[in-house]
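One structure, as structure tokens, below. Some questions next.
Per chain, numbering begins at 1; letters A, B, ... match sequence-line order.
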Protein chains: 2
Amino acid sequence: MTESETRPTPANPGSPRGEQTRQLIVDTAVRLFAERGYEQTTMRLVAGEAGVSLGNAYYYFGSKEHLVQAFYERIQAEIRAAALPAIADTRDFTGRLRRVLHVNVDVMASYHEFAGKLIRTAADPASPVSPFSPESAVAREASISLFQEVVSGSKVRLDSRLRAQLPELLWLASMGITLYWVHDNSPAQARTRLLIDRAAPVVGRLVEATRLTVLRPITNEVLELVDVLRQPRVSSTKGGSGR
Amino acid sequence: MTESETRPTPANPGSPRGEQTRQLIVDTAVRLFAERGYEQTTMRLVAGEAGVSLGNAYYYFGSKEHLVQAFYERIQAEIRAAALPAIADTRDFTGRLRRVLHVNVDVMASYHEFAGKLIRTAADPASPVSPFSPESAVAREASISLFQEVVSGSKVRLDSRLRAQLPELLWLASMGITLYWVHDNSPAQARTRLLIDRAAPVVGRLVEATRLTVLRPITNEVLELVDVLRQPRVSSTKGGSGR
DNA sequence: GAAGGGACTTGAACACGTTCAAATTCCAAC
DNA sequence: GTTGGAATTTGAACGTGTTCAAGTCCCTTC
């Protein structure tokens, strides 16, 4: 696992000198990924088009997957930039959720085929591209905070404990939708659109239902379950800042 | 995609003559996968240990993933064989569900690391190993029918329409649990065990709750949603037996 | 038993991701 | 302006999955 600690941190040096080269490689890779897909974009091609040597590309990016990671971060930023304005004019929870999810699909639309390959490495727990990996923490937090925005900007009424967990749950749900979207072979992924339009109200209704007294026991159980679900983040320090 | 139709069906010939060789390769591959994991098990090694040439292995299995597929099918059969006796002595829905899920984890336990790589190709919509692919139909149906058994053998009371969809939903949930399990780095995947023990009662309670009149609207919505979710199986025939 | 043809088998060759020792460039300190 | 070392850059080389043209084997047909 983490036994490559001996090497003096190749890939991803923070120094300023090579930053330009680094960006050049990223730009080229992102473009080629979009143009030709994952497999057709070889490291040799990226290096060639970027005007650097093969080994040099590996100096900045430890693997092809790290380039995918960079691609992923760009997409996430794009989604965020498009989503925030999209929900600015409504305080309806369901509406806000629906719009954010649609923006997700909108932005990813051009990369549907590419995403099929991307999801491969994303599903690997050992891959840095995994949405649950430490390397993805930045993008993940950003995405969760977007759903935090969805909740806090709305006038939804719900169980207070759920309110704290909801953003993360919504993010998880969006991961599920993305997984569905990847498998969606309907024209223009219309089925996913339908799913979003249908699922958002259901989620809204379920969330509001957590205030019902009848459902209190179940609500409690579900909330506890979510706590169990949450994997402790990997860290070498023992104890950490406990819950 | 399916443009390799020109070749005279290499890989997977149904003829009897090479069946022995085929089995030999599968056996060797499964053993090596279990012993050394996915990456360490090279096609050359499989071929060598099986006593055939590299090209010969590719004659029977179009790719390394097809070997994984074979591995997957064995696991599924093993799970089924272990699960059925395990639920024979109780008619409690939650209990039955819990046991089946535990058997799942039991059987897969030895392959936890390997599963991390397996899930990679499993997540790829284009891969035959994907649980949603036509190639996996047999294993999938078998698995769903196991959950059908869980439901029909229990004395659970629930909305009648849900009863029809529940087995598939449970299968889907088990996929989710497997995904969680793959990411579970707690010792002996204890966290997944905990998840199962906690989630089973919640599911049981939720399922029984579908009979509550208060929840009728939400139940309806959720059931319709599931209908939308269901991807139409890929098929060249137009129309099909639509609802 | 010879001929034919399909099933099966082979190993070399290819392209790719990745590694690495060696070279080059750059900049600060003297 | 020379020097030392770190940052950067290079291209050859390795091991892998996969392909393929060329065989070899085995059974049917005459």
Could you check whether B:Glu65 pairs with A:Arg120 (Lys NZ or Arg NE/NH1/NH2 to Asp/Glu carboxylate O, under 4.0 Å)?
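Here B:Glu65 pairs with A:Arg120 in a salt bridge, since their nearest N and O are under 4.0 Å apart.
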
Among C:dC8, D:dT9, C:dG17, which nucleotide sits nearest the side chain of A:Thr21?
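The answer is D:dT9, which lies nearest to the side chain.
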
Under 4.0 Å between a Lys/Arg side-chain N and an Asp/Glu carboxylate O for A:Asp106 and A:Arg193?
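Answer for the salt bridge query: yes.
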
Looking at B:Phe61, does the NZ or CZ of B:Arg22 lie under 6.0 angstrom from its six-membered ring centre and within 45 degrees of the ring axis?
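Yes, B:Arg22 lies over the aromatic ring of B:Phe61.
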
Whole angstrom is fine here: how far is it from OH in A:Tyr60 over to C1' in C:dG17?
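Going from A:Tyr60 (OH) to C:dG17 (C1'), I get 20 Å.
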
Distance, rounded to the nearest Å, where B:Phe61 contributes CZ and C:dC8 contributes C1'
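Result: 15 Å.
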
How long is the line joining CD of B:Glu39 and C1' of C:dG17, in whole Å?
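Rounding to the nearest Å, CD of B:Glu39 and C1' of C:dG17 are 12 Å apart.
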
Between atom CG in B:Leu24 and atom C1' in C:dC8, what is the gap in whole Å?
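Checked: the CG to C1' distance equals 14 Å.
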
A:Phe147 side chain near A:Val100 side chain, heavy-atom distance below 4.5 Å:
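With C-beta onward as the side chain, the pair touches.
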
Of residues 49-57 of chain A, the positions that come close to DNA chain D - non-hydrogen atoms, cut-off under 4.0 Å
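A:Val52, A:Ser53, A:Gly55, A:Asn56 - these, ordered by number, are the residues of the stretch whose heavy atoms sit under 4.0 Å from the strand.
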
A:Tyr59 has an atom OH; how far is it from atom C1' of C:dA23, in whole Å?
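The distance from OH of A:Tyr59 to C1' of C:dA23 comes to 14 Å, rounded to the nearest Å.
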
Given the side-chain rings of B:Tyr111 and B:Phe33, with only the six-membered ring counted for Trp, is the space between their centroids under 6.0 Å?
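No, ring centres 6.0 Å or more apart.
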
Test your reading of the model: is there a side-chain donor-acceptor pair from B:His183 to the backbone of B:Leu179, 3.5 Å cut-off?
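Yes; judged by distance alone, with no hydrogens or angles, the pair exists.
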
Atom-to-atom span, CD of B:Glu19 to C1' of C:dC8 - whole angstrom
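It works out to 13 Å between those atoms.
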
Rounded to whole Å, how long is the line connecting atom NE2 of A:His66 with atom C1' of C:dG17?
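Atom NE2 in A:His66 sits about 14 Å away from atom C1' in C:dG17.
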
Distance check: side-chain N/O of A:Tyr58 vs OP1/OP2 of D:dT10, anything under 4.0 Å?
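Checking D:dT10 against A:Tyr58, no side-chain N or O comes under 4.0 Å of OP1 or OP2.
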
Among C:dT18, D:dT18, C:dT9, which is the nearest nucleotide to the side chain of A:Met43?
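Minimum distance to the A:Met43 side chain belongs to C:dT18.
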
At less than 3.5 Å, do the side-chain atoms of A:Arg44 and the base atoms of C:dG17 form a donor-acceptor pair?
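Check passes, donor-acceptor contact within cut-off.
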
For nucleotides 21-26 of chain D, list the nitrogen or oxygen atoms of the protein found under 3.5 Å from its nitrogen or oxygen atoms, one pair per line.
| unit_1 | atom_1 | unit_2 | atom_2 | d |
| --- | --- | --- | --- | --- |
| D:dC25 | O2 | B:Arg17 | NH2 | 3.4 |

Indicate yes or no: does B:Asp227 engage A:Arg198 in a salt bridge with an N to O separation below 4.0 Å.
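Salt bridge between B:Asp227 and A:Arg198, a charged N being under 4.0 Å from a carboxylate O: no.
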
Between the side chains of B:Asp27 and B:Arg74, is the shortest nitrogen-to-carboxylate-oxygen separation below 4.0 Å, so that they form an ion pair?
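The answer is yes: the pair qualifies as a salt bridge.
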
Given C:dG17, C:dT9, D:dG17, identify the nucleotide with an atom nearest to the side chain of A:Thr42.
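For A:Thr42, the side-chain atoms sit closest to C:dG17.
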
Whole angstroms only, please: what is the NZ-C1' distance between B:Lys64 and C:dC16?
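Spelled out: NZ on B:Lys64 to C1' on C:dC16 is 14 Å.
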
Listing request: all side chain to side chain donor-acceptor pair (under 3.5 Å) pairs with a residue in residues 38-56 of chain A, at least two apart in sequence or in separate chains.
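Those involving residues 38-56 of chain A are A:Arg31-A:Glu49.
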
